Amino acid sequence: MRNDRCEQKVCEHLAPSGAPTQITSGLTRAPIRFSRLRQDWPDTRPSKREPREDAYAVHISLRAAGPCETWMNGRKFGSDTIPNGATTLLTLDSGLITCCHSAYDFMRIHIPRLAIDELADDAGLPRPSHLRAPFFKVAFDSILFQFATAALTALEQPAEVSSLFLDHIALATLAHVHRSYLGSSTEAPERHGGLAPWQERRAKEAMSASLDKDISIAQLASECGLSCSHFARGFRKATGRPPHRWLLERRVETAQGLLLNSPMSLREIAKTCGFSDQSHLTRAFARMVGTSPGAWRRTRRG
């Protein structure tokens, strides 16, 4: 298995001006990596051959591009156009080489086979033998496109995105790839139900105690004695929402209490409740409550 530094070099080559990246931590033994690869000018030089590894790369086009060429195991594949939203699935054990004769902008999701195997093991499903997908045909996967655009927020505003949010996208991506391209269902057996009452309580206590800190699904799962995917499924079944959403709601509720009962400034409340700054608090508060925190405080304090 190739280490993450090699994947970083690949991204640097494909996006010379910089490739914003977020990497999951502790979610699986092999991390999932989201990178935005963008180049605003054509480059007819083929990329360096990528080191072989037991992993996949999902490329989701964020704008139309083409023509593009790809070599796998010495065999050439090509596409005259890659429309906006198109999805390409690549296997990285083939000595991959790519060349795009136009400007491009796409999200690359790097998925080690080990991570997919962990998901299968945890769900009580057989490990898939290979990826089943139309590798070099233009395909549209609306679900992967939604995950890619959601991950853009984590790349463009990393201070405003929690580890729980990125973990949620990564687990959902793994499950979707397993279900859609590996010929297996990811529906969990009945033994993977909701959380026990003590587990739900412990998870909520851990998040409430970490309002001003970052916390991951791996940490919460450890508190509950569960795997990450089992915890994430169980928490959503128990509460009706994923952990990152529950935590955001808790932060806004805490901010409301401070707005009513303390003389703290909006800047101080934002810091206390785990928002990156006052603007972040204002945006989150307005989306959830329907008005700004300042206006909400004024109407209730008279």
Side-chain angles (χ1 to χ4, degrees), residues 1-11 19 21-37 50-60 87-94 96 106-133 135 141 143-148 150-151 154-155 161-189 192 216-222 226-236 242-244:
M1 182 178 66
R2 180 177 63 183
N3 63 37
D4 190 67
R5 181 158 182 78
C6 291
E7 173 66 12
Q8 179 181 344
K9 289 181 178 179
V10 169
C11 291
T21 296
Q22 288 281 358
I23 306 171
T24 61
S25 177
L27 193 62
T28 54
R29 284 176 290 167
I32 313 302
R33 180 181 179 120
F34 296 82
S35 301
R36 184 176 187 178
L37 306 184
E50 297 192 23
R52 296 176 187 267
E53 65 166 323
D54 197 6
Y56 302 109
V58 181
H59 288 185
I60 301 103
T87 299
T88 305
L89 297 141
L90 304 170
T91 180
L92 301 183
D93 64 357
S94 59
L96 184 68
F106 59 90
M107 176 73 71
R108 176 180 171 112
I109 308 176
H110 178 263
I111 307 175
R113 167 62 70 88
L114 179 59
I116 297 176
D117 287 346
E118 283 189 43
L119 176 75
D121 291 346
D122 185 53
L125 298 168
R127 293 185 176 189
S129 59
H130 63 279
L131 187 70
R132 298 174 183 174
F135 287 100
D141 186 321
I143 294 177
L144 280 180
F145 184 75
Q146 290 175 24
F147 295 158
L155 301 182
V161 175
S162 68
S163 293
L164 289 178
F165 178 72
L166 187 67
D167 289 347
H168 172 73
I169 296 174
L171 283 174
T173 299
L174 281 176
H176 178 73
V177 167
H178 191 285
R179 179 176 58 251
S180 300
Y181 302 117
L182 297 165
S184 300
S185 170
T186 54
E187 292 298 321
H192 284 156
S216 67
I217 282 182
Q219 290 172 286
L220 295 174
S222 178
L226 298 172
S227 68
C228 292
S229 57
H230 187 177
F231 168 77
R233 285 193 301 267
F235 188 90
R236 184 159 194 162
H244 76 270

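Position 1 is the first residue of the sequence, and the numbers go up from there. Source: prediction; values computed, not measured.
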note = Here the pair of heavy atoms bringing Pro112 nearest to Ala55 is CA-CB, 3.6 Å

query = Does Ile169 offer a backbone N or O that forms a donor-acceptor pair with the side chain of Thr173 under 3.5 Å?
reply = yes

query = With Ile32, which of Ile111, Asp167, Ile23 fulfils side chain to side chain contact (heavy atoms under 4.5 Å, CB included)?
reply = Ile111

Euclidean distance, Thr87 OG1 relative to Ile109 CD1, rounded to 0.5 Å = 8.5 Å

request  = Looking only at non-hydrogen atoms, find the nearest pair between Cys228 and Gly26 and report the distance.
outcome  = SG-O, 3.8 Å

note = Nearest heavy-atom contact between Ala30 and Ala115 is O-CB, 3.9 Å

Which atom of Leu166 lies closest to which atom of Thr24, heavy atoms considered = CD2-N, 4.2 Å

query = Given the rule in the side-chain contact (heavy atoms from CB on, under 4.5 Å) test, do Leu27 and Ser216 qualify, once you have shown the distances and angles that lead to the verdict?
reply = CA-CA 8 Å; Leu27 193 62; Ser216 67; over 6 Å; no

Side chains of Pro31 and His110 in contact at under 4.5 Å (non-hydrogen atoms) = no

ask   = So, for Phe231 and Ile217, which heavy atoms are closest and what is the spacing to 0.1 Å?
value = CD2-CG2, 4.1 Å

task = Indicate yes or no for a side-chain donor-acceptor contact from Asp122 to the backbone of Ser227 under 3.5 Å, with no hydrogens or angles considered.
result = no

key: Pairwise distance CD1(Ile116) to CG(Asp54) - rounded to 0.5 angstrom   = 9.0 Å

ask   = To the nearest 0.5 Å, what is the distance between CG (Leu164) and CZ (Phe235)?
value = 9.0 Å

query = Is there a donor-acceptor contact under 3.5 Å from the side chain of Thr21 to the main chain of Ala19?
reply = yes

message = I'd like to know if the side chain of Ser94 reaches the main chain of Thr91, judged simply by a donor and an acceptor atom lying under 3.5 Å from each other, with no hydrogens or angles considered.
response = yes

query = Aromatic rings His244 and Phe165: how do their planes relate, parallel, tilted or perpendicular, breaks at 30° and 60°?
reply = perpendicular

request  = To the nearest 0.5 angstrom, please state how far the OG atom of Ser163 sits from the CD atom of Gln22.
outcome  = 8.0 Å

key: Residues Arg29 and Asp117 bridged, charged N to O under 4.0 Å   = no

key: For His59, the option from Phe106, Phe145, Phe34 that meets ring pair (Phe, Tyr, Trp, His ring centres under 6.0 Å)   = Phe106

inquiry  = Glu53 vs Arg113, test: salt bridge (charged side-chain N to carboxylate O under 4.0 Å, His left out). Steps then yes/no.
reply    = CA-CA 9 Å; Glu53 65 166 323; Arg113 167 62 70 88; over 6 Å; no

task = Kindly compute the distance separating OG1 (Thr28) from CG (Leu174), expressed to the nearest 0.5 Å.
result = 6.5 Å

task = Apply the test side-chain contact (heavy atoms from CB on, under 4.5 Å) to residues Arg127 and Glu118: give CA-CA distance (whole Å), side-chain angles for both, the deciding distance (0.1 Å), then the verdict.
result = CA-CA 8 Å; Arg127 293 185 176 189; Glu118 283 189 43; over 6 Å; no

task = Applying side-chain contact (heavy atoms from CB on, under 4.5 Å), run through Tyr181 and Leu89 and close with a yes or a no.
result = CA-CA 9 Å; Tyr181 302 117; Leu89 297 141; 3.8 Å; yes

key: Nearest heavy atoms of Arg108 and Leu37, plus distance in Å   = CD-CD1, 3.7 Å

request  = Using a strict 4.0 Å threshold on nitrogen-to-oxygen distance, state whether Arg52 and Asp93 make a salt bridge.
outcome  = no

